[in-house]
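All ligand and atom numbering here is 1-based and tracks the order in the structure.
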Amino acid sequence: MSLIDLINTPLRVFLQFCIFLSIQGNVYGGGDGAPPLDIDYRMDESTNFTYNPKSPLVYCSYLPFEFLNCSDPLDLNGNQSERQRLGYGCTKWGGEKYEEVEITKVVCEVFPGIECYGNRTFLKDGFPCIKYNGHYFVTTLIYSVLLGFLGMDRFCLGHTGTAVGKLLTLGGLGIWWIIDVILLVTGRLNPADESNWVPYY
Ligand SMILES: *[C@@H]1O[C@H](CO)[C@@H](O)[C@H](O)[C@H]1NC(C)=O
Ligand SMILES: *[C@@H]1O[C@H](CO)[C@@H](O)[C@H](O)[C@H]1NC(C)=O
Ligand SMILES: *[C@@H]1O[C@H](CO)[C@@H](O)[C@H](O)[C@H]1NC(C)=O
Ligand SMILES: *[C@@H]1O[C@H](CO)[C@@H](O)[C@H](O)[C@H]1NC(C)=O
């Protein structure tokens, strides 16, 4: 028997015993370790319900989004201190990569007729700070290539000031026209209202 086995075997027996205990606790509901920590088992003042883990009713805040009428994310217009105070809301919109997109909580209300435990209005986490205002990437690219000398791409994206400049200079005599196509393809030219490209064409 090697040294590894000497340590490994008792460790494995111990782990299996722990798993056995936790399964016992979960299946029969009585174990001390069984209840999830974030569920409040006290009586809920708003509904006068006491949560019963064996009941078919789930906790309202555990329902998936299909059962909830959620508000749009709160727009804080970049106000960081307000975000700190509330603990939710969007200080910026969109982003190219998943990691760049801010995640916020939104106020959700369970649809009438859906039974569940607890407060039916609550904050649910995991909502991305993304909005769509009907800007399509392919359409904008076609505008940029074909009508870039008239500034049509910038007009459509809401960059009206630079669009007028582009129109008056006939696309910077062709140079700005080309540069904007490159900016668009590389993701540096986006809708002025911080909305995302609509993900279908
Ligand atoms: C239910 O939760 C919402 C949001 O957290 C809160 O504003 C409201 O006061 C709660 N209602 C009751 C009756 O506790
Ligand atoms: C919950 O119970 C208390 C005391 O019995 C009562 O005053 C209150 O109105 C009840 N709340 C609801 C939502 O039924
Ligand atoms: C969702 O909630 C809002 C605000 O409370 C309400 O105006 C709207 O009708 C609700 N939508 C549905 C589908 O019930
Ligand atoms: C952020 O919001 C708070 C509360 O509405 C306000 O007092 C504060 O002036 C705002 N800050 C900025 C930078 O807009």
Side-chain angles (χ1 to χ4, degrees), residues 35-140 151 153-166 180 183-184 186-201:
L37 292 172
D38 49 350
I39 288 188
D40 191 352
Y41 280 88
R42 286 168 310 178
M43 195 209 272
D44 189 310
E45 314 272 295
S46 64
T47 51
N48 282 350
F49 262 133
T50 305
Y51 185 60
N52 171 8
K54 293 182 193 167
S55 150
L57 284 189
V58 292
Y59 224 61
C60 291
S61 54
Y62 278 27
L63 288 174
F65 280 113
E66 287 85 351
F67 297 97
L68 308 173
N69 181 7
C70 295
S71 64
D72 288 331
L74 190 63
D75 192 353
L76 298 179
N77 294 313
N79 191 335
Q80 288 286 351
S81 57
E82 187 72 354
R83 161 117 194 177
Q84 220 122 67
R85 193 177 66 80
L86 287 174
Y88 63 96
C90 297
T91 54
K92 72 172 188 63
W93 292 93
E96 265 182 79
K97 301 198 189 110
Y98 178 83
E99 305 85 59
E100 290 171 5
V101 177
E102 215 172 87
I103 301 290
T104 184
K105 293 179 187 156
V106 283
V107 180
C108 294
E109 186 190 3
V110 183
F111 280 125
I114 304 291
E115 281 186 84
C116 60
Y117 270 118
N119 191 342
R120 298 180 70 87
T121 305
F122 52 87
L123 288 167
K124 193 167 172 70
D125 205 358
F127 213 81
C129 287
I130 288 179
K131 55 183 177 183
Y132 300 111
N133 274 337
H135 292 295
Y136 296 86
F137 178 76
V138 170
T139 315
T140 311
D153 46 355
R154 282 185 179 260
F155 275 118
C156 286
L157 292 179
H159 300 285
T160 315
T162 47
V164 171
K166 204 172 163 185
D180 266 358
L183 288 181
L184 202 58
T186 54
R188 299 287 184 276
L189 182 59
N190 290 308
D193 56 8
E194 290 191 285
S195 67
N196 265 43
W197 300 114
V198 179
Y200 45 85
Y201 305 113

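- In this structure, the side chains of Phe122 and Leu63 stay at 4.5 Å or more apart for every pair of heavy atoms.
- For Trp93, the side-chain hydrogen bond (donor to acceptor under 3.5 Å, both in side chains) partners at least two apart in sequence or on another chain are Asp75.
- For ligand 4, the polar-atom distance check against Asn79 finds a nitrogen or oxygen pair separated by under 3.5 Å.
- One side chain, Arg154 or Thr162, offers a donor N or O that lies under 3.5 Å from an acceptor on the other.
- Under the side-chain hydrogen bond (donor to acceptor under 3.5 Å, both in side chains) criterion, Thr140 pairs with no residue, sequence neighbours left out.
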Quick check for students: name every N or O atom pair between ligand 3 and the protein closer than 3.5 Å, with distances.
| from | atom 1 | to | atom 2 | distance (Å) |
| --- | --- | --- | --- | --- |
| ligand 3 | 2 (O) | Asn69 | ND2 | 2.3 |
| ligand 3 | 11 (N) | Asn69 | ND2 | 2.9 |

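- Ring to ring, Phe65 and Phe127 are close: their centroids are under 6.0 angstrom apart.
- For the side-chain hydrogen bond (donor to acceptor under 3.5 Å, both in side chains) test, no residue two or more places apart in sequence or in another chain qualifies with Asn69.
- Side-chain atoms of Lys131 never come within 3.5 Å of backbone atoms of Pro73 as a donor-acceptor pair (strictly under, hydrogens ignored).
- Remark: ligand 4 atoms within the under-4.0 Å shell around heavy atoms of Glu82 are 2 (O), 3 (C), 4 (C), 5 (O).
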